[in-house]
Amino acid sequence: LSVKKYLCAQGYYEIQTIAMTAKTDFDMFLIPTDAKEREVVELLNPITENLSIMRTIMAPSMVKAIENNIKNGNEAMRFFEIANIYLPKALPLTEPPVEKKILCLGTCGVAEDFFKMKETLESFAGYNDLTFSYKRGNVPYLHPGRTAEVYCKGEKIGHFGQLRYEIVDNMNIAAGKKADTKIFIAEIDYSALAELFKTAIK
C-alpha cells in the first residue's frame, strides 16, 4: 500500500523539510522547560543557530511550511510529510539516537477544520482495514478542547488538533490575516502504524 499515493488522492501535497531546527522552536510552541521533547541531539558545528539541534517533534517544521505559503499568497493548503524525529536514549550521547518515523499532516484554509482532519484520519484508517479511536488530548501547542489523542488497537499512536492562536499570532504573516488563520496539525507514529497494518506500507 502506498500511503503517499493515498494522501495525494485526498488532496494532500507532500513536502520535505529539514530535520535540523532551533531550540527557540520549543519556546514558540509552548513546550514546558522540563518536557521530554527538549531532550535533544545538539550538533557540534551547526550551519546556523537556527539549525543547531535535531528535531524531536514535527509540528514546527510543518507550521513553518504553512507560514511560508501564507506569506506567498497561498491561504488554503493540505500538506503531509513522512520523516524522522531523533530521540536520544540518554544525554550526553553514548550511542546513536532512536530515529522514529512520523506522519505529519498540516491543513489551513476556510474549508479546513478539526472534523475535516479527523475525517482524513478515519478514511486513512479504513483504507488500511484499521479503526482509530479518540480521547481528549492535551498537547502544549494545540488548543484545549480541540485536541484529540489517536489510538489503534489500544495503543496510542499520535494526536491532532488546532494550533493555538498564541502561536499563530507570533507567525511572520500579515497582521490582518492572523485572526482568520486556523491551522490543524496531526502527528502520527508511522513506525507503529507499519506494525499494525496487515499489508506492508511504503
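Quantities reported herein were computed from a predicted structural model and do not represent experimental measurements.
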> Where do Leu91 and Pro88 come nearest, in terms of heavy atoms and distance?
Replying inline: CD2-CB, 3.9 Å
>> Applying side-chain contact (heavy atoms from CB on, under 4.5 Å) to Ile188 and Val150, what does each step give before you reach the verdict?
In response: CA-CA 8 Å; Ile188 305 296; Val150 183; 4.0 Å; yes
> Between Ile183 and Ile57, is there a shared hydrophobic cluster once you connect ILVMFWY residues whose side-chain heavy atoms come closer than 4.5 Å?
Replying inline: yes
> So, for Tyr190 and Leu103, which heavy atoms are closest and what is the spacing to 0.1 Å?
Replying inline: CB-N, 3.8 Å
> With a 4.5 Å heavy-atom cut-off, do Ile167 and Phe29 have their side chains touching?
Replying inline: yes
> Do the side chains of Met20 and Ile82 join up, straight or via other hydrophobic residues, at under 4.5 Å, putting them in one cluster?
Replying inline: no
> Is there a donor-acceptor contact under 3.5 Å from the side chain of Asn128 to the main chain of Leu130?
Replying inline: no
> Quick one: does Thr120's side chain have a donor or acceptor within less than 3.5 Å of a partner on Lys116's backbone?
Replying inline: yes
> Does Leu142 belong to the same Ile/Leu/Val/Met/Phe/Trp/Tyr cluster as Met62, with side-chain heavy atoms less than 4.5 Å apart forming each link?
Replying inline: yes
>> Can you confirm whether Lys64 sits close enough to Thr21 that some side-chain heavy atom of one is under 4.5 Å from a side-chain heavy atom of the other?
In response: yes
> Does Lys135 NZ have over 12 foreign heavy atoms under 6.0 Å away?
Replying inline: no
> Glu187 side chain to Ile102 main-chain N or O, any donor-acceptor pair under 3.5 Å?
Replying inline: no
>> How about CG on Leu30, more than 12 heavy atoms from neighbouring residues, nucleotides or ligands closer than 6.0 Å, or not?
In response: yes
> So how far is it from Asp129 CG to Leu196 CG, rounded to the nearest 0.5 Å?
Replying inline: 12.5 Å
> Would you call Glu49 and Lys23 a salt bridge, taking side-chain N to carboxylate O under 4.0 Å as the test?
Replying inline: no
>> Checking the side chain of Tyr165 only, and the main-chain atoms of Ala179 only, is there a donor and an acceptor separated by less than 3.5 Å?
In response: no
> Which heavy-atom pair separates Tyr141 from Ala59 by the least distance, and what is that distance?
Replying inline: CE1-CB, 3.6 Å
> Strictly by modelled atom types, are Ser52 and Glu42 linked by a side-chain donor-acceptor pair under 3.5 Å?
Replying inline: no
> Are Met117 and Leu193 linked, directly or through other ILVMFWY residues, by side chains that come within less than 4.5 angstrom of each other?
Replying inline: yes
>> Under a 4.0 Å threshold between the charged nitrogen and the carboxylate oxygen, would Lys153 count as salt-bridged to Glu155?
In response: no
>> Using the rule given for salt bridge (Lys or Arg N to Asp or Glu O under 4.0 Å), can you reason through Arg38 versus Asp25, listing the C-alpha separation, both sets of side-chain angles and the distance that settles it, and then say yes or no?
In response: CA-CA 10 Å; Arg38 287 185 182 260; Asp25 285 348; over 6 Å; no
> Out of curiosity, Tyr6 OH to Ser123 OG, how far, rounded to the nearest 0.5 Å?
Replying inline: 3.0 Å
>> For a 4.5 angstrom cut-off between non-hydrogen side-chain atoms, does Phe26 reach Val40?
In response: yes
> Going by atom types alone, do Tyr151 and Glu149 pair a side-chain donor with an acceptor below 3.5 Å?
Replying inline: yes
>> Using a 3.5 Å distance criterion without hydrogens, assess whether the side chain of Arg55 forms a donor-acceptor pair with backbone atoms of Ala22.
In response: no
> Looking at Lys182 and Glu112, does any basic side-chain N land under 4.0 Å from a carboxylate oxygen?
Replying inline: no
> Does any non-hydrogen side-chain atom of Leu51 lie less than 4.5 Å from one of Leu43?
Replying inline: no
> Does the cation-pi check pass for Lys118 over Phe160, that is, NZ or CZ under 6.0 Å from the six-membered ring centre and within 45° of its axis?
Replying inline: no
> Does a salt bridge link Asp189 with Lys156, judged by any charged N lying under 4.0 Å from a carboxylate O?
Replying inline: no
> Is there a donor-acceptor contact under 3.5 Å from the side chain of Arg164 to the main chain of Pro140?
Replying inline: yes
>> I want to check something: taking the side chain as every heavy atom from C-beta on, are Phe184 and Leu105 in contact at a cut-off of under 4.5 Å?
In response: no
> Given side chains that start at C-beta, do those of Ile66 and Phe79 come closer than 4.5 Å, heavy atoms only?
Replying inline: yes
> Would you find a donor on one side and an acceptor on the other, under 3.5 Å apart, between the side chain of Asn74 and the backbone of Ile70?
Replying inline: no
>> Check the orientation of Phe132 and Phe124. Use parallel for under 30°, tilted for 30 to 60°, and perpendicular for over 60°.
In response: tilted
> Once you round to the nearest 0.5 Å, how far does CD1 of Ile173 lie from CG of Asn72?
Replying inline: 12.0 Å
> Are Val63 and Phe80 joined in one hydrophobic group, where the rule is that I, L, V, M, F, W and Y side chains link up if heavy atoms are under 4.5 Å apart?
Replying inline: no
> To the nearest 0.5 Å, what is the distance between CG (Asn170) and CE (Met28)?
Replying inline: 6.0 Å
> Short question: side chain of Arg78, backbone of Gln10 - any donor-acceptor pair under 3.5 Å?
Replying inline: yes
> Where is the tightest heavy-atom contact between Thr147 and Phe114, given as atom of each residue plus distance?
Replying inline: N-CE1, 3.9 Å
> Has Lys100 got more than 12 heavy atoms of other residues, nucleotides or ligands less than 6.0 Å from its NZ?
Replying inline: no
> Between Tyr13 and Glu81, do the side chains contain an N or O donor and an N or O acceptor separated by less than 3.5 Å?
Replying inline: no
> Which atom names give the shortest non-hydrogen contact between Gly106 and Ile185, and what distance separates them?
Replying inline: CA-CD1, 4.1 Å
>> Would you compute the distance between atom NZ of Lys36 and atom CG of Leu87 and round it to the nearest 0.5 angstrom?
In response: 8.5 Å
>> Are Leu163 and His143 packed together at the side-chain level, in the sense that at least one heavy-atom pair is separated by less than 4.5 angstrom?
In response: no
> Can you name the closest pair of heavy atoms from Ser61 and Ile18 and give their distance?
Replying inline: OG-O, 4.0 Å
